[in-house]
Each structure stands twice: as C-alpha cells, then as structure tokens.
2 protein chains.
Amino acid sequence: MNKQVKPTESELEILGILWERGASTVREVHEILEQSKEAGYTTTLKLMQIMHEKGLLKRDASAKTHIYEASVSQERTQQQLLNKMIDTVFNGSATQLVMQALGHHRSSPEELDRIRQYLNEMEKKQS
Amino acid sequence: MNKQVKPTESELEILGILWERGASTVREVHEILEQSKEAGYTTTLKLMQIMHEKGLLKRDASAKTHIYEASVSQERTQQQLLNKMIDTVFNGSATQLVMQALGHHRSSPEELDRIRQYLNEMEKKQS
DNA sequence: CCTGTTCTACGAATATCTTCGTAAACAAAT
DNA sequence: ATTTGTTTACGAAGATATTCGTAGAACAGG
C-alpha cells in the first residue's frame, strides 16, 4: 500500500482544477486559480513543480510547454481527507459527519432520493 | 459575522480534547495528547497560549494554574471545515461527500435508519 | 538574424507552524 | 530558609509552506 502524500491547502486547489479539467498547462491552471485568488504566475508554476516532485502530479515535458495531470485520484484523496476529518473532528463517527453535512446544505429532493437509494443498497450488501 | 480563525492540525487535536473534556488545565490536555503523540509539555503550553491569542480558547487565569476552555463550538468548527472541503475537494456537492463517507465506513442498520429519518425531516421542512 | 513574448528552472525571501530550552514566579515539603 | 517541583512567559530555532524575482531557453513574427 503506497501511503499517499498529504496535499497542502494550495495543492488541493490545484488538484481540484486538474481533476475537473484533466491534463492542463500551468498557464491554464493559473488562469482559473486567479479568478478566486491573488497569485503570480511563477507561484503557480513553482507549486506545480513541487507537486510533481512529491508525486502528486505527472507531467509530459516533451514539448516546451509542459502538460500536467493529477497522478492521485480524486476519490482516493477524498477518502484520505474524510478519514482524517472524521477521526479528529467528528469523534470517529461518519454518521455524525453525514448529518452535519446534510443539515447545512440545501439538497434537492432528487439528491435526497439518491442518498436513500444508496442507503438501501448498502443495507443489502451488509447482511 | 465573526469570521472564524481556521485551526491548524495540532490545534484541532487540542480542541478535540477540550470539546470532550470541557475546561481543563494544560497538564490535563497534555497528558491525553501524549498518549497518541510525542510532545514536550512546553510545546503543548505554547500551543494553547497561541490558541488563546487567536481567540480559539478562553482561559481563567485567576489561579496560578490556568484553566482553558474552547471558545469555538465543535459544531461551528465542523461546519467550517466541511464547507471548505466540499468546496475544494468535492466539487461543491455535499451529496457527493455524503455518499463517499457512507461508502467506506461500516455503519450499523440503526445508524442508517437515523440518517433516513433525518432525510425525511429535511424534506418536510423544505416544502 | 533580431526582438519581444512565453516558458521553465533556480534560489531565496517571507510567512506560518511546531518544537523546545531557559528563566522567573509560586507553592509545598523538609 | 532552602530545596524541590510545577507552572507560566518568552524567545528563538527548526520545519514546512508560500511567494516571487531573475535568468536563460524556446519560440513566433517581422
């Protein structure tokens, strides 16, 4: 089991963009980042270089303008962070986290139904 | 709207202990911290002093041995961290987070029922 | 070929977090 | 009164994260 590096706050923002867009150049990532955050171009570049060293990103450096891509999956990272959070902030109770999350975010009836279905499937599997 | 300070990793551990125990001395907190972590006493002390400056803790300094207490609620802090997480890692979808959390943590049928009830209540309220 | 633009690499400054040594205040025990 | 132990305060070292300036390579257009 390759234990995964824990991304920092800024690194998570970049990962988020790459998960959504797929492989991208530094410029592209930077442009999106800029919309929500003050940052110089070389700052974004440096961050992505470091992430590459850490193994969080892969890159294709064959052309002059390198292309970066997330090398950790969104799901695995989500799980990693959820586990930590449940552990330190929610007294180890996933249920508590779930209810807290539902309570403060307007979910549409359709979404609620999806969750119900999900619950049912889980119950079947257990037995 | 008092925007809340974001606790660091170590600060969260201390908050967790204070939420559980209620008002405590540095020594008491440190003793518990030690069980899961290598740390010197003055490290814990310093951390708690900083947290006090930041407004994360209140303290009663009337006696020689000060008594500390969390001054941010567990629920509010949970919400703050959840929001950030949903935003940066779950594409803004609380539903996605909920399903991910349920999928990887064995929940008992009783817990699943509680969640179902919760879902129903929410749906009523929306109207 | 020259010029201006875009890109990477590098290194260093800055900021933030974490850890701990030391000293002074205080209290309890001898 | 002196010693011993516990506590706070302070400051600084060490570790990690973030930001950016500068230089040089690569490229595009004239």
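Per chain, numbering begins at 1; letters A, B, ... match sequence-line order.
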Hey, could you give me each pair passing salt bridge (charged side-chain N to carboxylate O under 4.0 Å, His left out) that has a residue in residues 55-74 of chain B? Not counting sequence neighbours.
none
If I take atom NE2 in residue A/His66 and atom P in nucleotide C/dT6, what distance separates them, rounded to the nearest angstrom?
17 Å
Can you check the A/Leu33 CG to D/dC20 P distance for me, whole Å?
12 Å
Nucleotide C/dG11, atom P - distance to CD of A/Glu53 in whole Å:
12 Å
Sequence-aligned protein contact record of nucleotides 24-30 of chain C, with B where the base is within under 4.0 Å of a protein heavy atom and S where only the sugar-phosphate is
-BB----
Residue set satisfying side-chain hydrogen bond (donor to acceptor under 3.5 Å, both in side chains) with B/Gln74, at least two apart, ordered chain then number -> none
Are the side chain of A/Glu111 and the backbone N or O of A/Ser108 linked by a donor-acceptor pair below 3.5 Å?
yes
Contacts of A/His30 meeting ring pair (Phe, Tyr, Trp, His ring centres under 6.0 Å) (sequence neighbours excluded), chain-then-number -> A/Tyr41
Contact list for residues 4-20 of chain A, test salt bridge (charged side-chain N to carboxylate O under 4.0 Å, His left out), sequence neighbours left out:
A/Lys6-B/Glu9, A/Glu9-B/Lys6, A/Glu9-B/Lys84, A/Glu11-A/Lys54, A/Glu13-A/Lys37
Distance in angstrom units between A/Ile14 CD1 and D/dA17 C1', rounded
12 Å
Residues in side-chain hydrogen bond (donor to acceptor under 3.5 Å, both in side chains) contact with A/Gln49, at least two apart in sequence or another chain
none
Rounded to whole Å, CG of A/Leu45 lies from P of C/dC10 at a distance of 11 Å
What is the distance from CE of A/Met51 to C1' of D/dT18, rounded to the nearest Å?
13 Å
Residue pairs involving residues 66-101 of chain A (criterion ring-ring contact (aromatic ring centres under 6.0 Å, His included); sequence neighbours excluded):
none
I want to check one thing: is the phosphate of D/dT7, taken as OP1 and OP2, less than 4.0 Å away from some side-chain N or O of B/Arg59?
no
Ring pair (Phe, Tyr, Trp, His ring centres under 6.0 Å) against A/Tyr118, all qualifying residues, sequence neighbours excluded:
none
Does anything in residues 19-26 of chain A come within less than 4.0 Å of DNA chain D? Heavy atoms only, and list the residues if so.
none
Distance in angstrom units between A/Met48 CE and C/dA9 P, rounded
12 Å
Can you list the steps and then say if A/Asp113 with A/Gln117 is a side chain to side chain donor-acceptor pair (under 3.5 Å)?
CA-CA 6 Å; A/Asp113 273 343; A/Gln117 278 191 350; over 6 Å; no
If you compare every side-chain N and O of B/Arg27 against the phosphate oxygens of D/dT7 (OP1, OP2), does one of them come in below 4.0 Å?
yes
Could you tell me which residues satisfy side-chain contact (heavy atoms from CB on, under 4.5 Å) with B/Arg21, sequence neighbours excluded, listed by chain and number?
B/Ile17, B/Ser24, B/Glu28, B/Ile32
Under the side-chain hydrogen bond (donor to acceptor under 3.5 Å, both in side chains) test, which residues partner A/Ser10, sequence neighbours left out?
none
Answer yes or no: does a side-chain N or O of A/Gln49 lie under 4.0 Å from OP1 or OP2 of C/dT8?
no
Counting primed atoms plus P, OP1 and OP2 as sugar-phosphate and everything else as base, spell out the protein contacts along nucleotides 14-23 of chain C at 4.0 Å heavy-atom distance: B, S or - for each nucleotide, 5' to 3'.
---SSBBBB-
